[in-house]
Amino acid sequence: MGMHGEYKVPGGKLVVADLDVVGDHIRSAQVSGDFFLEPDDALERINGALAGLPVVTPAAQVAARVRGVLGDGVEMVGFSPEAVAVAVRRALTGATGWHDHQWQFVHDVPREPALQMALDEVLTEQVGSGERPPTLRVWEWDRNAVIIGSFQSLRNEVDLDGAARNDVTVVRRISGGGAMFVEPGNTITYSLYVPESLVSGLSFVESYAFLDDWVIGALNDLGIAATYQPINDITSPAGKIAGAAQKRFAGGAVLHHVTMAYDMDATKMLQVLRIGREKLSDKGTTSANKRVDPLRSQTGLERREVIDRMAASFSNRYGLADGAIDADTVARAEALVATKFGTDEWLKRVP
(Lines give C-alpha, C1' and ligand atoms only; values in the text may rest on other atoms or scores of the structure.)
Protein backbone atom coordinates (compact mmCIF):
# COMPACT_ATOMS: atom_id res chain seq x y z
CA MET A 1 0.00 0.00 0.00
CA GLY A 2 1.35 3.41 -0.97
CA MET A 3 1.43 6.12 1.69
CA HIS A 4 2.36 9.76 1.18
CA GLY A 5 3.41 12.29 3.81
CA GLU A 6 4.71 15.86 3.61
CA TYR A 7 6.36 18.10 6.16
CA LYS A 8 7.42 21.71 5.61
CA VAL A 9 10.21 22.41 8.05
CA PRO A 10 9.46 25.75 9.77
CA GLY A 11 11.97 28.16 8.27
CA GLY A 12 13.34 25.33 6.14
CA LYS A 13 12.46 23.07 3.24
CA LEU A 14 9.77 20.59 2.22
CA VAL A 15 10.37 16.92 2.99
CA VAL A 16 8.19 14.29 1.30
CA ALA A 17 8.02 10.59 2.20
CA ASP A 18 6.44 8.09 -0.18
CA LEU A 19 6.24 4.68 1.45
CA ASP A 20 5.33 1.23 0.21
CA VAL A 21 3.88 -0.57 3.21
CA VAL A 22 3.27 -4.29 3.33
CA GLY A 23 1.64 -5.69 6.44
CA ASP A 24 3.10 -3.93 9.43
CA HIS A 25 6.43 -2.93 7.88
CA ILE A 26 7.75 -0.38 5.40
CA ARG A 27 8.92 -2.37 2.37
CA SER A 28 10.50 0.57 0.56
CA ALA A 29 10.73 4.33 0.89
CA GLN A 30 11.44 7.33 -1.31
CA VAL A 31 12.31 10.60 0.37
CA SER A 32 12.27 13.75 -1.77
CA GLY A 33 11.92 17.51 -1.42
CA ASP A 34 13.46 20.89 -2.17
CA PHE A 35 16.18 20.47 0.45
CA PHE A 36 19.93 20.31 -0.19
CA LEU A 37 21.91 17.16 0.53
CA GLU A 38 25.53 16.20 -0.07
CA PRO A 39 26.83 13.76 -1.17
CA ASP A 40 24.25 12.44 -3.63
CA ASP A 41 24.34 8.87 -2.33
CA ALA A 42 23.20 10.05 1.09
CA LEU A 43 19.61 9.99 -0.19
CA GLU A 44 19.95 6.30 -1.04
CA ARG A 45 21.21 5.65 2.48
CA ILE A 46 18.22 7.48 3.96
CA ASN A 47 15.80 5.47 1.83
CA GLY A 48 17.55 2.26 2.78
CA ALA A 49 17.40 3.11 6.48
CA LEU A 50 13.62 3.40 6.31
CA ALA A 51 13.06 0.09 4.54
CA GLY A 52 12.07 -2.66 6.94
CA LEU A 53 11.00 -0.41 9.78
CA PRO A 54 7.81 -1.42 11.63
CA VAL A 55 5.00 1.05 10.94
CA VAL A 56 4.69 1.72 14.69
CA THR A 57 8.29 2.96 15.01
CA PRO A 58 8.29 6.25 16.98
CA ALA A 59 9.64 9.37 15.30
CA ALA A 60 12.67 9.53 17.59
CA GLN A 61 13.72 6.01 16.55
CA VAL A 62 13.16 6.79 12.86
CA ALA A 63 15.39 9.84 13.19
CA ALA A 64 18.05 7.82 15.02
CA ARG A 65 17.99 5.19 12.27
CA VAL A 66 18.49 7.86 9.59
CA ARG A 67 21.26 9.57 11.54
CA GLY A 68 22.99 6.25 12.07
CA VAL A 69 23.39 5.52 8.36
CA LEU A 70 24.62 8.99 7.41
CA GLY A 71 27.74 9.28 9.51
CA ASP A 72 30.24 12.11 9.11
CA GLY A 73 30.67 14.25 6.02
CA VAL A 74 26.98 14.52 5.12
CA GLU A 75 25.52 18.01 4.72
CA MET A 76 21.76 18.37 5.27
CA VAL A 77 20.56 21.90 4.49
CA GLY A 78 16.96 22.90 5.17
CA PHE A 79 16.06 19.60 6.82
CA SER A 80 17.31 17.03 9.31
CA PRO A 81 16.85 13.38 10.31
CA GLU A 82 14.05 14.57 12.60
CA ALA A 83 12.30 16.21 9.64
CA VAL A 84 12.52 12.95 7.68
CA ALA A 85 11.02 11.14 10.66
CA VAL A 86 8.11 13.58 10.84
CA ALA A 87 7.38 13.15 7.12
CA VAL A 88 7.46 9.37 7.59
CA ARG A 89 5.11 9.50 10.59
CA ARG A 90 2.75 11.80 8.72
CA ALA A 91 2.66 9.32 5.83
CA LEU A 92 1.97 6.41 8.15
CA THR A 93 -0.79 8.22 10.06
CA GLY A 94 -2.61 9.52 7.00
CA ALA A 95 -1.90 13.18 7.71
CA THR A 96 -3.45 15.85 5.52
CA GLY A 97 -1.75 18.97 4.21
CA TRP A 98 -2.86 22.60 4.14
CA HIS A 99 -3.84 22.31 0.48
CA ASP A 100 -6.08 19.32 1.18
CA HIS A 101 -8.67 21.56 2.85
CA GLN A 102 -11.04 24.33 1.81
CA TRP A 103 -10.30 27.15 4.27
CA GLN A 104 -12.83 29.66 5.49
CA PHE A 105 -12.12 33.16 6.85
CA VAL A 106 -14.22 34.89 9.50
CA HIS A 107 -13.43 38.43 10.68
CA ASP A 108 -15.89 38.53 13.53
CA VAL A 109 -17.77 41.43 15.12
CA PRO A 110 -16.74 42.69 18.60
CA ARG A 111 -17.89 40.32 21.34
CA GLU A 112 -17.57 40.16 25.10
CA PRO A 113 -14.66 38.08 26.46
CA ALA A 114 -16.58 35.12 27.91
CA LEU A 115 -18.45 34.69 24.62
CA GLN A 116 -15.14 34.68 22.75
CA MET A 117 -13.95 31.83 24.97
CA ALA A 118 -17.14 29.89 24.29
CA LEU A 119 -17.01 30.48 20.55
CA ASP A 120 -13.54 28.93 20.44
CA GLU A 121 -14.94 25.73 21.92
CA VAL A 122 -18.03 25.63 19.72
CA LEU A 123 -16.21 26.40 16.47
CA THR A 124 -13.54 23.77 17.16
CA GLU A 125 -16.22 21.18 17.83
CA GLN A 126 -17.96 22.15 14.57
CA VAL A 127 -14.76 21.53 12.60
CA GLY A 128 -14.30 18.19 14.35
CA SER A 129 -17.83 17.10 13.48
CA GLY A 130 -17.62 18.30 9.89
CA GLU A 131 -20.27 21.01 10.37
CA ARG A 132 -17.72 23.68 9.48
CA PRO A 133 -14.66 23.65 7.21
CA PRO A 134 -11.27 24.45 8.72
CA THR A 135 -11.46 28.11 9.67
CA LEU A 136 -9.27 31.12 10.37
CA ARG A 137 -11.12 33.54 12.66
CA VAL A 138 -9.93 37.04 13.56
CA TRP A 139 -11.52 38.24 16.78
CA GLU A 140 -12.65 41.72 17.78
CA TRP A 141 -12.93 42.62 21.48
CA ASP A 142 -15.72 44.79 22.89
CA ARG A 143 -13.77 45.69 26.07
CA ASN A 144 -10.42 45.39 27.87
CA ALA A 145 -9.69 41.88 29.09
CA VAL A 146 -7.23 39.54 30.71
CA ILE A 147 -7.43 35.92 29.58
CA ILE A 148 -5.72 33.45 31.86
CA GLY A 149 -4.66 29.96 30.85
CA SER A 150 -6.73 26.95 31.78
CA PHE A 151 -4.35 25.87 34.55
CA GLN A 152 -3.22 29.20 35.95
CA SER A 153 -4.03 30.41 39.46
CA LEU A 154 -6.37 33.40 39.33
CA ARG A 155 -4.96 35.10 42.44
CA ASN A 156 -1.35 34.47 41.42
CA GLU A 157 -1.78 35.93 37.93
CA VAL A 158 -4.28 38.77 38.29
CA ASP A 159 -4.60 41.76 40.61
CA LEU A 160 -8.39 41.83 40.74
CA ASP A 161 -8.45 45.29 42.35
CA GLY A 162 -6.22 46.58 39.56
CA ALA A 163 -8.47 44.94 36.99
CA ALA A 164 -11.51 46.67 38.47
CA ARG A 165 -9.78 50.06 38.53
CA ASN A 166 -8.82 49.74 34.88
CA ASP A 167 -12.17 48.34 33.73
CA VAL A 168 -10.63 45.01 32.72
CA THR A 169 -12.75 41.85 32.49
CA VAL A 170 -11.03 38.63 33.56
CA VAL A 171 -11.87 35.29 31.90
CA ARG A 172 -10.31 31.83 31.68
CA ARG A 173 -9.77 30.02 28.40
CA ILE A 174 -9.73 26.28 27.63
CA SER A 175 -6.11 26.13 26.51
CA GLY A 176 -3.01 26.21 28.68
CA GLY A 177 -0.25 28.79 28.66
CA GLY A 178 0.07 32.21 30.21
CA ALA A 179 -2.10 35.25 30.75
CA MET A 180 -2.90 37.64 27.89
CA PHE A 181 -3.72 41.32 28.27
CA VAL A 182 -5.87 42.75 25.47
CA GLU A 183 -7.38 46.12 24.59
CA PRO A 184 -9.81 46.70 21.70
CA GLY A 185 -7.95 48.20 18.76
CA ASN A 186 -4.53 47.42 20.23
CA THR A 187 -4.55 43.64 19.88
CA ILE A 188 -4.82 41.21 16.98
CA THR A 189 -6.24 37.88 18.12
CA TYR A 190 -6.96 34.99 15.80
CA SER A 191 -7.85 31.31 16.02
CA LEU A 192 -7.24 28.42 13.69
CA TYR A 193 -9.76 25.58 13.92
CA VAL A 194 -8.22 22.60 12.13
CA PRO A 195 -8.85 18.87 11.75
CA GLU A 196 -6.54 16.70 13.78
CA SER A 197 -5.28 15.12 10.56
CA LEU A 198 -3.45 18.36 9.72
CA VAL A 199 -1.09 17.88 12.67
CA SER A 200 -1.03 14.09 12.59
CA GLY A 201 2.49 12.76 13.08
CA LEU A 202 3.61 15.95 14.83
CA SER A 203 4.43 16.22 18.50
CA PHE A 204 2.61 18.86 20.54
CA VAL A 205 5.64 21.18 20.32
CA GLU A 206 6.16 20.54 16.60
CA SER A 207 2.53 21.41 15.91
CA TYR A 208 3.03 24.90 17.36
CA ALA A 209 5.80 25.67 14.88
CA PHE A 210 3.84 24.03 12.06
CA LEU A 211 0.65 26.02 12.67
CA ASP A 212 2.56 29.28 13.20
CA ASP A 213 4.62 28.97 10.01
CA TRP A 214 2.11 30.85 7.81
CA VAL A 215 1.95 33.87 10.13
CA ILE A 216 5.75 34.03 10.37
CA GLY A 217 5.73 34.28 6.58
CA ALA A 218 2.98 36.90 6.66
CA LEU A 219 4.93 39.01 9.17
CA ASN A 220 8.08 38.64 7.09
CA ASP A 221 6.11 39.93 4.08
CA LEU A 222 5.21 42.99 6.21
CA GLY A 223 8.90 43.67 6.75
CA ILE A 224 9.12 42.22 10.27
CA ALA A 225 12.02 39.86 10.97
CA ALA A 226 9.70 37.54 12.88
CA THR A 227 10.78 34.12 14.07
CA TYR A 228 9.24 31.27 16.02
CA GLN A 229 10.59 30.80 19.55
CA PRO A 230 9.71 27.49 21.20
CA ILE A 231 7.37 26.61 22.66
CA ASN A 232 4.72 29.17 21.83
CA ASP A 233 6.15 32.63 21.11
CA ILE A 234 6.58 34.71 17.97
CA THR A 235 9.34 37.26 18.37
CA SER A 236 11.49 39.76 16.49
CA PRO A 237 14.72 41.64 17.22
CA ALA A 238 12.53 44.41 18.69
CA GLY A 239 10.88 42.04 21.17
CA LYS A 240 8.04 39.58 21.57
CA ILE A 241 5.16 40.00 19.14
CA ALA A 242 2.76 37.21 20.01
CA GLY A 243 1.99 34.18 22.12
CA ALA A 244 0.11 31.07 21.04
CA ALA A 245 -1.92 28.47 22.91
CA GLN A 246 -3.42 25.21 21.75
CA LYS A 247 -6.06 22.65 22.72
CA ARG A 248 -6.69 19.26 21.15
CA PHE A 249 -10.28 18.02 21.29
CA ALA A 250 -11.39 14.41 21.62
CA GLY A 251 -13.72 14.99 18.66
CA GLY A 252 -10.81 15.15 16.21
CA ALA A 253 -10.06 18.86 15.95
CA VAL A 254 -7.39 21.25 17.18
CA LEU A 255 -7.75 24.82 18.42
CA HIS A 256 -4.70 27.03 17.91
CA HIS A 257 -5.11 30.66 18.92
CA VAL A 258 -2.66 33.56 18.93
CA THR A 259 -2.70 37.01 20.49
CA MET A 260 -0.47 39.62 18.86
CA ALA A 261 0.43 43.03 20.27
CA TYR A 262 -0.33 45.78 17.77
CA ASP A 263 -0.02 48.39 20.53
CA MET A 264 -0.12 47.93 24.29
CA ASP A 265 -0.39 50.09 27.39
CA ALA A 266 2.40 48.55 29.45
CA THR A 267 1.61 50.66 32.53
CA LYS A 268 -1.97 49.42 32.63
CA MET A 269 -0.86 45.84 32.03
CA LEU A 270 1.42 45.95 35.07
CA GLN A 271 -1.43 47.25 37.22
CA VAL A 272 -3.54 44.23 36.27
CA LEU A 273 -1.12 41.33 35.82
CA ARG A 274 1.11 40.19 38.65
CA ILE A 275 4.24 40.10 36.52
CA GLY A 276 7.60 41.71 37.17
CA ARG A 277 9.72 43.96 35.01
CA GLU A 278 11.84 40.97 34.02
CA LYS A 279 8.87 39.35 32.28
CA LEU A 280 7.78 42.66 30.79
CA SER A 281 11.21 43.05 29.19
CA ASP A 282 10.51 39.81 27.31
CA LYS A 283 7.51 41.57 25.77
CA GLY A 284 9.69 44.23 24.22
CA THR A 285 10.19 46.96 26.82
CA THR A 286 12.38 47.61 29.84
CA SER A 287 10.14 50.31 31.26
CA ALA A 288 6.62 50.08 32.57
CA ASN A 289 5.96 53.72 31.64
CA LYS A 290 5.63 53.26 27.89
CA ARG A 291 3.62 51.51 25.22
CA VAL A 292 4.67 48.26 23.58
CA ASP A 293 3.84 48.52 19.90
CA PRO A 294 5.75 45.90 17.90
CA LEU A 295 3.29 45.61 15.00
CA ARG A 296 2.43 49.31 14.77
CA SER A 297 5.99 50.59 14.98
CA GLN A 298 7.57 47.88 12.82
CA THR A 299 5.05 48.07 9.99
CA GLY A 300 3.83 51.68 10.07
CA LEU A 301 0.43 50.28 9.08
CA GLU A 302 -3.01 50.69 10.56
CA ARG A 303 -4.25 47.65 12.47
CA ARG A 304 -6.92 46.84 9.88
CA GLU A 305 -4.37 46.81 7.07
CA VAL A 306 -2.13 44.46 9.05
CA ILE A 307 -5.07 42.07 9.44
CA ASP A 308 -6.03 42.35 5.76
CA ARG A 309 -2.49 41.63 4.63
CA MET A 310 -2.14 38.69 6.99
CA ALA A 311 -5.36 37.18 5.61
CA ALA A 312 -4.16 37.82 2.05
CA SER A 313 -0.91 36.02 2.82
CA PHE A 314 -2.84 32.99 4.11
CA SER A 315 -5.10 33.08 1.08
CA ASN A 316 -2.16 33.22 -1.33
CA ARG A 317 -0.68 30.15 0.32
CA TYR A 318 -3.72 27.96 0.85
CA GLY A 319 -6.87 29.69 -0.41
CA LEU A 320 -9.46 31.37 1.79
CA ALA A 321 -13.20 31.83 1.27
CA ASP A 322 -15.31 34.30 3.23
CA GLY A 323 -17.39 32.80 6.02
CA ALA A 324 -19.53 33.88 8.94
CA ILE A 325 -20.76 32.82 12.37
CA ASP A 326 -24.48 32.08 12.23
CA ALA A 327 -27.09 32.69 14.91
CA ASP A 328 -27.23 29.04 15.94
CA THR A 329 -23.49 29.00 16.61
CA VAL A 330 -23.76 32.16 18.70
CA ALA A 331 -26.67 30.65 20.65
CA ARG A 332 -24.65 27.53 21.41
CA ALA A 333 -21.78 29.71 22.61
CA GLU A 334 -24.10 31.82 24.76
CA ALA A 335 -25.35 28.64 26.43
CA LEU A 336 -21.74 27.75 27.25
CA VAL A 337 -21.21 31.19 28.75
CA ALA A 338 -24.14 30.60 31.07
CA THR A 339 -23.00 27.15 32.16
CA LYS A 340 -19.22 27.44 31.99
CA PHE A 341 -17.21 30.43 30.79
CA GLY A 342 -19.26 33.10 32.57
CA THR A 343 -19.35 31.31 35.91
CA ASP A 344 -17.24 31.87 39.01
CA GLU A 345 -16.74 28.11 39.20
CA TRP A 346 -14.88 28.13 35.88
CA LEU A 347 -12.98 31.37 36.49
CA LYS A 348 -11.84 30.17 39.93
CA ARG A 349 -11.25 26.53 39.00
CA VAL A 350 -7.66 27.23 40.09
CA PRO A 351 -8.18 29.93 42.79
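Just so you know, these numbers use all the heavy atoms, side chains as well, and skip hydrogens, waters and symmetry mates.
- Checked by atom type and distance alone, the side chain of Thr96 never pairs as donor or acceptor with a backbone atom of Asp100 at under 3.5 Å.
- Gln126 places no side-chain N or O within 3.5 Å of a backbone atom of Leu123 that could act as its donor or acceptor partner.
- Between Trp214 and Tyr318, the distance separating the two ring centers is not shorter than 6.0 angstrom.
- Within the 4.5 Å cutoff, the side chain of Arg303 has no heavy atoms near those of the Leu295 side chain.
- Inter-residue side-chain proximity for Trp141 and Pro113 is flagged as met; some heavy-atom pair is nearer than 4.5 Å.
- Between the side chain of Arg67 and the main chain of Val62, no donor-acceptor pair closer than 3.5 Å is present.
- Under the 4.5 Å side-chain criterion, counting only non-hydrogen atoms from C-beta, Asp212 is not in contact with Pro10.
- For the residue pair Leu70 and Arg45, the shortest heavy atom distance occurs at O-NH1, 2.9 Å.
- Judged purely by distance below 3.5 Å, without hydrogens or angles, the side chains of Ser129 and Glu131 pair a donor atom with an acceptor atom.
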Run the salt bridge (charged side-chain N to carboxylate O under 4.0 Å, His left out) test on Glu345 and Lys340 for me, step by step, so that the C-alpha distance in whole Å, both residues' side-chain angles and the decisive distance to 0.1 Å come before the verdict. CA-CA 8 Å; Glu345 182 181 9; Lys340 181 176 180 180; over 6 Å; no
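- In this structure a side-chain-to-backbone donor-acceptor pair under 3.5 Å is present from Asp265 to Lys268.
- Ion pairing of Glu305 with Arg309 is present here, as a side-chain N (NZ or NE/NH1/NH2) and a carboxylate O approach within less than 4.0 Å.
- Residues Val254 and Val215 share a hydrophobic cluster, clusters being chains of Ile/Leu/Val/Met/Phe/Trp/Tyr side chains in contact below 4.5 Å.
- When all heavy atoms are compared, the tightest approach of Lys13 to Val77 is CG-O, 4.3 Å.
- When side chains are defined from C-beta on, Trp103 does not count as touching Leu136, because their heavy atoms never get closer than 4.5 Å.
- In this structure, OH on Tyr262 lies 12.0 Å from CD on Gln298, to the nearest 0.5 angstrom.
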Asn144 and Glu183: CA distance, side-chain angles, deciding distance, side chain to side chain donor-acceptor pair (under 3.5 Å) verdict: CA-CA 5 Å; Asn144 300 330; Glu183 300 171 293; 5.2 Å; no
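- Grouping the Ile, Leu, Val, Met, Phe, Trp and Tyr side chains by contacts below 4.5 angstrom, directly or via other members, places Val330 with Val337.
- Judged by distance alone, with hydrogens and angles left aside, the side-chain atoms of Arg155 form no donor-acceptor pair with the main-chain N or O of Leu160 at under 3.5 Å.
- Looking only at side-chain heavy atoms (C-beta outward), Asp233 and Ile241 stay at 4.5 Å or farther from each other.
- The main-chain N or O of Leu50 is never found under 3.5 Å from a side-chain atom of Arg65 such that the two would form a donor-acceptor pair.
- Residues Val16 and Val31 do not share a hydrophobic cluster, clusters being chains of Ile/Leu/Val/Met/Phe/Trp/Tyr side chains in contact below 4.5 Å.
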What's the verdict on side-chain contact (heavy atoms from CB on, under 4.5 Å) for Leu43 and Gln30, showing C-alpha distance, side-chain angles and the deciding distance? CA-CA 9 Å; Leu43 185 61; Gln30 178 63 65; 4.1 Å; yes
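- Rounded to the nearest 0.5 Å, atoms OG (Ser32) and CG (Asp18) are 6.0 Å apart.
- A distance-only check finds no donor-acceptor pair linking the side chain of Glu302 to the backbone of Arg304 [under 3.5 Å].
- Looking only at distances, no side-chain donor or acceptor of Ser315 sits under 3.5 Å from a matching main-chain atom of Ala311.
- A 6.0 Å sphere centred on NZ of Lys247 holds no more than 12 heavy atoms belonging to other residues, nucleotides or ligands.
- Rounding to the nearest 0.5 Å gives a distance of 11.5 Å between CG of Leu53 and CG of Asp24.
- Legend: residues meeting salt bridge (Lys or Arg N to Asp or Glu O under 4.0 Å) with Asp108, ordered by chain and number and at least two apart, are Arg111, Arg137.
- For the atom pair OG (Ser191) and CZ (Arg173), the distance works out to 10.5 Å, reported to the nearest 0.5 Å.
- The shortest side-chain heavy-atom distance between Gln102 and Gln104 does not fall under the 4.5 Å cut-off.
- For the side-chain contact (heavy atoms from CB on, under 4.5 Å) test, residues two or more places apart in sequence or in another chain that qualify with Thr299 are Leu222, Ile224, Leu301, Val306.
- In this structure, Arg27 places its CZ atom where only 12 or fewer heavy-atom neighbours from other residues, nucleotides or ligands lie under 6.0 Å away.
- One finds the CG atom of Asp263 at 11.0 Å from the CD1 atom of Ile188 (value rounded to the nearest 0.5 Å).
- Salt bridge Arg165/Asp161: absent, no basic N to carboxylate O contact under 4.0 Å.
- The shortest heavy-atom contact between Ala261 and Met264 is CB-CE, 3.8 Å.
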Derivation and outcome, side-chain contact (heavy atoms from CB on, under 4.5 Å), residues Ser207 and His256: CA-CA 9 Å; Ser207 68; His256 183 87; over 6 Å; no
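- Considering Val158, Val182, Val272 as possible partners of Val168, the one that fulfils the side-chain contact (heavy atoms from CB on, under 4.5 Å) test is Val272.
- When the side chains of ILVMFWY residues are joined at heavy-atom separations under 4.5 Å, either directly or via intervening members, Leu192 and Ile147 end up in two distinct hydrophobic clusters.
- Closest approach of Arg349 and Ser150 over heavy atoms only: NH1-OG, 2.5 Å.
- Residues Trp98 and Asp213 fail the side-chain proximity criterion, which asks for heavy atoms closer than 4.5 Å.
- With hydrogens and angles ignored, the 3.5 Å screen pairs no side-chain donor or acceptor of Arg90 with any backbone N or O of Gly201.
- Under the 3.5 Å distance criterion, with hydrogens and angles disregarded, a donor-acceptor pair is assigned to the side chains of Thr329 and Asp326.
- Note on ring orientation: taking the six-membered ring where Trp is involved, the planes of Tyr208 and Phe204 are perpendicular (angle over 60°, cut-offs 30° and 60°).
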Go through Leu255 and Arg248 one step at a time and tell me if the side-chain contact (heavy atoms from CB on, under 4.5 Å) criterion holds. CA-CA 6 Å; Leu255 163 65; Arg248 300 196 179 195; over 6 Å; no
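- Taking 4.5 Å as the limit, every side-chain heavy atom of Pro110 sits out of range of all side-chain heavy atoms of Gln116.
- The nearest pair of heavy atoms linking Asp120 to Trp139 is OD2-CZ2, 3.1 Å.
- The 12-atom threshold is exceeded at CG of Asp328, counting heavy atoms of other residues, nucleotides or ligands nearer than 6.0 Å.
- Between the side chains of His257 and Gln246, no donor-acceptor pair is found at a separation under 3.5 Å.
- Of all non-hydrogen atoms in Gly149 and Arg172, the two that sit nearest each other are O-NH1, 3.0 Å.
- Of the possible donor and acceptor atoms, one in the side chain of Arg89 sits under 3.5 Å from a partner among the backbone N and O of Thr57.
- Atom CG of Asn156 and atom CG of Leu273 lie 12.5 Å apart (nearest 0.5 Å).
- Cluster membership check: Phe314 shares its hydrophobic cluster with Phe105, using side-chain heavy-atom separations under 4.5 Å among Ile, Leu, Val, Met, Phe, Trp and Tyr.
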Step by step, would you call Ile216 with Ile234 a side-chain contact (heavy atoms from CB on, under 4.5 Å)? CA-CA 8 Å; Ile216 298 294; Ile234 297 170; 3.6 Å; yes
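- Annotation for Ile231: atom CD1 does not count as buried by contact number, only 12 or fewer foreign heavy atoms lying within 6.0 Å.
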